[in-house]
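The structure presented is a predicted model; accordingly, all values stated were derived computationally and were not measured.
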Amino acid sequence: TLAASGTVTGTIGPGAPVATGTTGGGSFVATAQSGGDVTFNATASVSGAGVLVVEGDNVNVNNAVSTAGGSATLVAANNVAFSATGSLSTSGGSVNLNPGAALTMLSGSFVNSGNGNLRVSAGSASTLGLLNAGTGRISIQAAGLADSNAAAQNLIAAAVRLRTTSGGLGASGDALETQTSVLAAN
């Protein structure tokens, strides 16, 4: 679980969900055993300046996950997926999402870095809900990018960098809605 004081480091069994909890100002670092997914079905938070680092075959965010000031990193051999009720927030810490395959965000899901920088590096085409870096920067690299939330904002940041390796940005009739001062895309 996340309930602890100080730094929590552990191994999560295959398919084991991460339970509800709050750290006491430390960090939460978890790596799923081989063949294991990490799933947040309940609210989870890291207090103080603690960081959140989670690694698994798949990382599924089905509820609110947050840090009070530290960075948050989700790494998956396959997919990082956010359900419609899934969210990841920091209060100024950087956010890194690193799926080996796709980042999938259903409409209603969001990532908010609280003005910290937000980076996505996905191995496959990905679908975006809302990525909000406020006054921070967003950098995304994926095979292609699609929009899951219709006309709602997808990207909010002072600067946005988008790089697709084989697909497009958005789709005909459903563009990626972006609020930024600087946009670089290729």
Side-chain angles (χ1 to χ4, degrees), residues 2 12 18 27-32 36-41 43-46 50-67 69-134 136-149 152-165 167 169-170 176-178 180 184-185:
L2 293 178
I12 299 171
V18 175
S27 299
F28 179 73
V29 180
T31 303
D37 295 345
V38 177
T39 301
F40 290 93
N41 284 324
T43 301
S45 62
V46 177
V51 300
L52 172 73
V53 179
V54 176
E55 297 181 46
D57 280 355
N58 294 288
V59 177
N60 304 298
V61 181
N62 299 324
N63 212 313
V65 177
S66 63
T67 70
S71 63
T73 300
L74 304 180
V75 179
N78 298 308
N79 301 306
V80 172
F82 287 81
S83 71
T85 57
S87 65
L88 176 61
S89 301
T90 70
S91 294
S94 62
V95 174
N96 295 292
L97 304 174
N98 301 308
L103 169 64
T104 303
M105 299 179 72
L106 298 182
S107 182
S109 65
F110 65 90
V111 176
N112 186 334
S113 65
N115 299 321
N117 292 329
L118 200 156
R119 182 179 162 273
V120 176
S121 179
S124 299
S126 296
T127 306
L128 303 179
L130 171 61
L131 299 176
N132 185 349
R137 298 172 182 260
I138 294 176
S139 175
I140 303 174
Q141 179 171 322
L145 293 173
D147 181 350
S148 73
N149 63 4
Q153 288 291 335
N154 296 106
L155 305 167
I156 299 172
V160 174
R161 179 182 167 269
L162 305 172
R163 181 170 187 261
T164 58
T165 56
L169 295 170
L176 294 175
E177 289 76 27
T178 304
T180 187

### Summary
Between Leu128 and the options Asn149, Asp147, Ile140, Val120, the side-chain contact (heavy atoms from CB on, under 4.5 Å) test singles out Ile140
### Query
Do any N or O atoms from the side chain of Thr180 and from the backbone of Ala157 form a donor-acceptor pair under 3.5 angstrom?
yes
### Query
Of all heavy-atom pairs between Asp57 and Ala76, which one has the smallest distance, and what is that distance?
O-CB, 3.7 Å
### Query
For Gly136, does its backbone N or O pair with a side-chain atom of Asn117 as donor and acceptor, under 3.5 Å?
no
### Task
Please report the closest heavy-atom contact between Ala64 and Ser87, naming both atoms and the distance.
CA-OG, 3.4 Å
### Query
Taking all atoms of both residues into account, what is the closest heavy-atom pair of Ala185 and Leu169, and its distance?
CB-CD1, 3.7 Å
### Task
Return the minimal non-hydrogen interatomic distance between Ser126 and Ala142, and the atom names on each side.
OG-CB, 4.1 Å
#### Entry: Arg163 side, atom CZ; Ser121 side, atom OG - distance, nearest 0.5 Å
10.0 Å
### Message
Can you tell me how far apart OG (Ser83) and CG (Asn41) are? Round to the nearest 0.5 Å.
### Response
8.5 Å
### Query
So which of Leu88, Thr90, Ile138 actually passes side-chain contact (heavy atoms from CB on, under 4.5 Å) with Leu118?
Ile138
### Message
Whether the side chain of Ser148 engages the backbone of Met105 through a donor-acceptor N/O pair (distance < 3.5 Å, no angle test) should be reported.
### Response
yes
## Note on the structure
Heavy-atom closest pair (Pro99 atom, Val80 atom, distance to 0.1 Å) is CB-N, 3.7 Å
### Query
With side chains defined as the heavy atoms from C-beta onward, is the minimum distance between Thr39 and Asn62 less than 4.5 Å?
yes
### Task
Report the C-alpha distance between Ser139 and Arg161 in whole Å, list the side-chain angles of each, state the deciding distance to 0.1 Å, and finish with yes or no for side-chain hydrogen bond (donor to acceptor under 3.5 Å, both in side chains).
CA-CA 5 Å; Ser139 175; Arg161 179 182 167 269; 3.2 Å; yes
### Query
Rounded to the nearest 0.5 Å, how far does CG of Leu162 lie from CG of Asn154?
10.0 Å
### Of Asn60, Leu74, Leu130, the residue whose pairing with Phe82 passes side-chain contact (heavy atoms from CB on, under 4.5 Å)
Leu74
### Query
Which pair of heavy atoms, one from Asn79 and one from Ala101, lies closest together, and at what distance?
OD1-CB, 3.3 Å
